[in-house]
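Shown next, in C-alpha cells, is the structure this report addresses.
Protein chains get the first letters and strands the later ones, always in sequence-line order, with residue 1 at the start of each. Since we're looking at a predicted model, the values are computed, not measured.
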Amino acid sequence: MSGQTGEKVIFAILGVPMLICILIFLWILSLLLTGIGTVRWELFTMSALRGGMLEMIVGTIYLLLGAAAVAGPIGVLAAIYLVEYAPSGGLTRIIDQAINNLAGVPSIVIGLFGYTFFCRHLGLGVSLAAGWLTLALMMLPIVIRGSEEALRMVPASFREAALALGATRWKAISSTILPAAAPGVVTSVILGMARVAGETAAILFTSCVLITRGLPKTPFEPVMALSYNLFVQIVALGAPAQRVFGITLVLFMIVTSLSLSAILLRSYYRLRQPWLRMKG
Amino acid sequence: MNGGEKVNRERSHGSIQTSRAIIVMTLLFIVGFASGYYTDTLFSSQTVVWKEDVAWRTESISISGSTTVLPIANACAIAFMNKYPGTSITVTGGGSGRGYSEVIDGVVDIGMASRPPKQKEINDAKEKGVALWLYPIALDAVCVVVHPSVNKTLKLTLQEVGKIFAGIYTRWSDVDPSLPDEPIYVVVREPGSGTRGTFEEYVMEPYGYDVTDAAHVRPSNPAVRTTIETTPYSIGYVGLGFVTSKMVVVALAEEEGEPYIYPSIENIASFKYPISRYLYLVTSTRPESGSLADRFIDFILSPEGQEIVEEQGFLKLPRYPAGV
Amino acid sequence: MHLRSQPIEFVLFLCASFSVVILLLMLLFVVMEGSLAFTRLGTQLILGQMWKTNSDLYGGFPLIYGSLMVVSGALLISIPLGICTSIFIAEILPFQLRDPIKSVIELLASIPSVIYGFIGVTFLAPLIASIFGLQSGATAFTASLILAIMVLPTIVGVSGETISAVPIEYKEAALALGASKWQTIRNVILPLSKSGMLASVMLGFGRAIGETVAVLMVAGNVAMVPTPPWNYLAPVYPVTAVIAMQMGEAAVGSLEYSALFGLGLILFIITFAVNTIADVIVRRRPVGRSVQL
C-alpha cells in the first residue's frame, strides 16, 4: 500500500532533525571529552590555590543549594495556591502571566536587577547571598510550574476523601496531596538547579570573584563558581582549550548527576504512584 | 578573758590577717595588671611596639580592575596565600575603569589599572575625599599587531595608526600602495579597558580622532589575540604579554621622520617605544605599614613577585636590569 | 485585592504573588537606573544609529537590530528542527528510547553558555569563514547557529510535553476511525499541540534574546546595521553583549550606566510583549489540557 510507504518516507524526514540534534550533541560531547585528560582526582580535592577546583565546585554547590532553599518553599507554596485556592479570574491570570514573564526575562536583566537591588540597594555587595537571591529568581518559574503539574496530577479523590473525613482545607492538602506531589516537587527543584548551574550572566556582577582563600564563611562574602571561573579563564585569561573543556566536564558531571537523580526520582515514583501513568 | 576567747581572738585575728593579705594581694594584682594598660596608653605613642605585628596574617583584602594586570595579580595572590596561610586575598577583573571606581568608592582595598587615572576619576576621588596612590608593579607596552597576511613587517607613525582605527583609511593599499588592496579589519577593546585607554591616549586623542563604528569589539587581550591570529588583514592592539609568533608587531614612530621603534625589551625599558606603559596597583590611602595590603604590594615588587610578572609575559620594573 | 480570610491562604497568596511583586520591582529598578538615559537621550537610545561611548553617544538601534537579527536567525533554524524532533520523539520513537533521548537533548541545555561561545569561536567561526570565503567567521549567522543549538532543548522539551499531554483518548479515537499514524499526527495531535508549541517557541525566543556570553564571543561586535540589512554574514553587536562588556566599568550613575540599563529595559519590554502575545494565543485554545471524557 502506497500509504504505508508514504508514511515511512514522512517518518524518515521527521527523523532527520532528530538525528541532527543527536549528532550535534555527540559532536559537542566529543569536544568536551578532549579535556578529559585534565580532569584528575586532585581537581576535586585540591584547593584552587594549588591548581585544584575544590572551592569552585563547592562554591557552585553552595550557590545551587541556597537558591533552591529560597526558590523551593516559595515556589511550592505559590503552586499550592494556584492549584488549590486560586479563583479563576483577573488576579490569578495576572499572577500566571507574571510567572511566565519571569521565566522569559533575559538572564542579563536578572543579573542587572540582582546587582542594583540585592548588591547595592540591600547592601549585600558581591556576595553569596546576592547570588542565592538572583539565582532563586531564575529557578522560581521552573519550580512553580513543575510543582503545579505535580499537584494537578494527584487525583481529586485524595482531597475529597480527606475533606469528607472532616479535615480543614489546608489539612487536607498538607496531609494527602502534598506528600503525594512531593516527588514531583523535588524533581522540579532539582531540574531548576540543573538549569541555573551553568548560569553565568546572573552571577557575573552579583556574587563571584576569580580567586580568594577558601569558601565564604558568611553569606556576605563572594564565592568562586565553576561557570564564572570558566568565563574568566576563557575570556580574560585565554586558557588553553583542554583545560577549559576539563573544567566544563566537571560542571557537566554536576549537572548530569542532578538531572539523572531527577529522572530516577521520577521513574521511581511513577512506579509507586499509579495515577501518574495514566497520562498519554 | 579565758583561753577560749583568746583562741577565738587569735583565730579571728589570723583570719583577719589572711583576708587582709588576700585583699592587699588582690589590690596589688589589680593595680599591677591595670598599670600595664596605663603605661601602654602613657607611652605607646612614643615607644616602639616590641611584639611582632601579626594582625596581617589573618587579614583579608580585595582587589579588582584591569584584565591586563589580572593574570599578574592572580598569580601573585596565589603565591602569597600559599606562602602565608591564613591571609586572604580576593581578586577579580572588570577593567581599569572598574578598578579605579571601586577603589575610590571603597568597595575594594586595591585596584588594578593598566593606565593612569583619567581626569574624571581624579575629580571623583577629590569629591569623595580620597587620594589615589599609584604603585607601578610592571612594565608593559601596548603593541599594535596585524595578521601576517598584511605584510611580514610593518612600520607606521602613530598618526597613521590613528587614521586606520578612525576609519580614515579603509583599505591597506590606502596606507601604503605596496600593501594588499584589502579592507582593513579593525579590532578594538571594550570602552572600560585600560589597554584601550592607553592606546587611544597616544594614537587617537592627540589628533582628535574617534574610533570608527566599523571596529570589532573584543572583551579582553586573549580575545583580541585570537582574532588577530585568525583573521586576515586584521589590526588590533594587545599588551606585551599577549604577542605571539602568529602575528606581526608594528614598529611605531612618534612622528613622520622619527625612527620606527620596535617594542623590544630594551626599547620598552628605556621608554623609546612610544606606547610603553606601567601597570599599576592603586589604593585610596597609603596602606598602613605592616598591613596585608602593604605586604602584598611589597611582595609584588620583590624579586619573587617580579619573577611572576615576567612569567606572565610582562617586563620587570626598570630597577631590575632588563633581561635579568 | 481583598485579604483572604484564613492566614494560611494569605501566606500562600503572598508566595504566589511574589512573582508579580518581583517582576514589578525589576521593572521599577531598571526604569529607575535607566531614567537618566531616557530623559537625556529620549528616543535616541532606541533609534539613534551611533553607539560611541567615548563621545557619550548612545544610539542603540544597531544593537537592538543585532539582537533581533540573531534571534530570528536562531528561531528560523531551531523551530523546524525542534518541532520535527519533538514529534518524532513523542510519537514515532519506540517507547523505551523516549526518556533517554529526551535526557540527552536536555543535557545540551546544561552546558554553560561560555562553552558554546568557546566552541563557536574556536571551531564554528573558522569553518564558516572558510565555507563562505569571509575575512572572519564572527558573524550574525554564526551567532544564530550557536543560539539555535542552545535553544533547541527548550523547544524540543516543551513541545514534547505538549504532544504527550494530548489525551490518549483522542489518539485512540482517531485510530479507531482507521486513521494512519501520520494522519493522526497531522490531523489530531498537531492542531491540539499548536498552542503549546507556540509557547515553546516563545520560551526559546526569551532564552535566545537574553543570551549574553555566547553571542559576545561569536557575533563580531560591530555597532552598525549590516549592509544590506539582511546580510547575516556580517558582524552584529547584540544588546546583551554590549551590556556584559561595558557594565563592569560604567561608573554607577553615569550616562553610560544608565544607557545600559535603558537597553536592558528595552529587552525586558520586548520579551514581556512576546510573552503576553503568546499567553493570549495559548488562552484561546484551552483544548490542549486534559479533558474528562
Side-chain angles (χ1 to χ4, degrees), chain A residues 3 7 10-11 14-15 17-18 20-22 24-25 28 31 74 77-78 80-82 85-86 91 94-95 97-109 112-113 116-117 137 140 144 170 194-195 197-198 200-201 204-205 227 230-231 234 241 244 248 251-252 255-256 259 263 279-280, chain C residues 1 8-9 11-13 15-20 22-23 25-26 29-30 33 81 84-85 87-89 92 103-108 110-115 118-119 122 149 152 164 166-168 171 180-182 203 206 209-210 212-213 240 243-244 247 261 264 267-268 271-272 275-276 279:
Chain A
E7 282 226 339
I10 294 180
F11 290 165
L14 278 182
M18 195 203 76
I20 297 181
C21 289
I22 308 276
I24 293 176
F25 176 75
I28 294 183
L31 284 177
I74 299 182
L77 294 177
I80 295 178
Y81 177 81
L82 287 170
Y85 288 84
L91 189 57
I94 293 181
I95 294 179
Q97 274 199 331
I99 296 173
N100 284 340
N101 276 305
L102 189 59
V105 176
S107 53
I108 189 89
V109 175
L112 280 178
F113 171 72
T116 183
F117 186 67
L137 289 183
L140 199 57
I144 295 183
W170 172 246
R195 162 80 179 88
T200 320
L204 203 55
F205 319 118
S227 53
L230 271 172
F231 176 70
I234 294 177
V244 162
T248 313
L251 184 56
F252 207 51
V255 176
T256 312
S259 309
I263 294 171
K279 216 169 125 179
Chain C
M1 191 160 70
I8 293 179
E9 201 177 324
V11 167
L12 294 177
F13 175 71
C15 288
S17 42
F18 184 74
S19 301
V20 183
I22 277 289
L23 218 55
L25 258 180
M26 261 193 234
F29 269 84
V30 175
E33 303 286 355
L81 220 58
C84 291
T85 307
I87 297 177
F88 191 84
I89 293 179
I92 302 171
S103 318
V104 154
I105 295 183
E106 259 170 41
L107 277 179
L108 274 180
S110 63
I111 300 176
S113 38
V114 63
I115 296 300
F118 184 70
I119 292 176
T122 324
I149 301 179
L152 256 177
S164 16
V166 171
I168 200 165
K171 290 187 267 192
S180 72
K181 189 92 182 174
W182 169 242
L203 222 66
I209 204 169
T212 310
V213 182
T240 45
I243 296 179
M247 193 62 201
F261 267 91
L267 274 187
F268 196 15
T271 34
F272 188 79
N275 270 308
T276 314
D279 220 56

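Shown here are the ring pair (Phe, Tyr, Trp, His ring centres under 6.0 Å) partners of F88(C), two or more places apart in sequence or in another chain: there are none. Every residue was checked against the ring pair (Phe, Tyr, Trp, His ring centres under 6.0 Å) condition with F268(C), not counting sequence neighbours, and none meets it.
Atom-to-atom distance recorded for T276(C):OG1 and Q97(A):CD is 5.5 Å, nearest 0.5 angstrom. Separating the CZ atom in F117(A) from the CD atom in E33(C) is a distance of 12.0 Å, to the nearest 0.5 Å. The CD1 atom of I95(A) lies 12.0 Å from the CG atom of L23(C); values are rounded to the nearest 0.5 Å. Here the straight-line distance linking atom CG of L82(A) with atom OG of S17(C) works out to 9.5 Å at 0.5 Å rounding. Within the model, atoms OG1 of T240(C) and CD1 of I108(A) stand 7.0 Å from one another, a figure rounded to the nearest 0.5 Å. The structure places CD1 of I20(A) at 9.5 Å from CG of L152(C), a figure rounded to the nearest 0.5 Å.
Closest heavy-atom contact between V20(C) and A98(A): CG2-CB, 3.6 Å. When all heavy atoms are compared, the tightest approach of A16(C) to Y81(A) is CB-CD2, 3.5 Å. The shortest non-hydrogen separation linking S107(A) to G210(C) is OG-O, 3.7 Å. Among all heavy-atom pairs drawn from V109(A) and G264(C), the shortest one is CG2-O, 3.6 Å.
For chain A, the nearby parts of L81(C) are the backbone and the side chain; heavy atoms of each come within less than 4.5 Å. With a 4.5 angstrom heavy-atom cutoff, T122(C) does not touch chain A via any of its atoms. Proximity to chain C (any heavy atom under 4.5 Å) is restricted, for F252(A), to the side chain, taken from C-beta onward. For I74(A), the parts sitting under 4.5 Å from any heavy atom of chain C are the backbone and the side chain alike. Looking at L140(A), only its side chain comes within 4.5 Å of chain C, counting heavy atoms on both sides.
When I119(C), I209(C), I87(C) are compared by the number of non-hydrogen pairs under 4.5 Å with chain A, I119(C) comes out ahead. Of the listed residues (N101(A), L77(A), T116(A)), the one with the most heavy-atom contacts under 4.5 Å to chain C is N101(A). Of the residues considered (L267(C), V213(C), L25(C)), L25(C) shows the highest number of contacts with chain A, using heavy-atom pairs under 4.5 Å. Contacts with chain C were tallied for I22(A), V255(A), L31(A); L31(A) has the most, counting heavy-atom pairs under 4.5 Å.
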Fill in: Derivation and outcome, side-chain contact (heavy atoms from CB on, under 4.5 Å), residues F18(C) and I144(A)
CA-CA 11 Å; F18(C) 184 74; I144(A) 295 183; over 6 Å; no
Worksheet item: Could you walk me through whether I115(C) and V244(A) pass the side-chain contact (heavy atoms from CB on, under 4.5 Å) check?
Response: CA-CA 8 Å; I115(C) 296 300; V244(A) 162; 3.9 Å; yes
Practice prompt. Would you please test L204(A) and M247(C) for side-chain contact (heavy atoms from CB on, under 4.5 Å) and show each step?
Written response: CA-CA 10 Å; L204(A) 203 55; M247(C) 193 62 201; over 6 Å; no
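Side-chain contact check for T200(A) versus T212(C): every heavy-atom pair is 4.5 Å or farther apart. Side-chain contact between I28(A) and I149(C): present, with at least one pair of heavy atoms (C-beta onward) separated by less than 4.5 Å.
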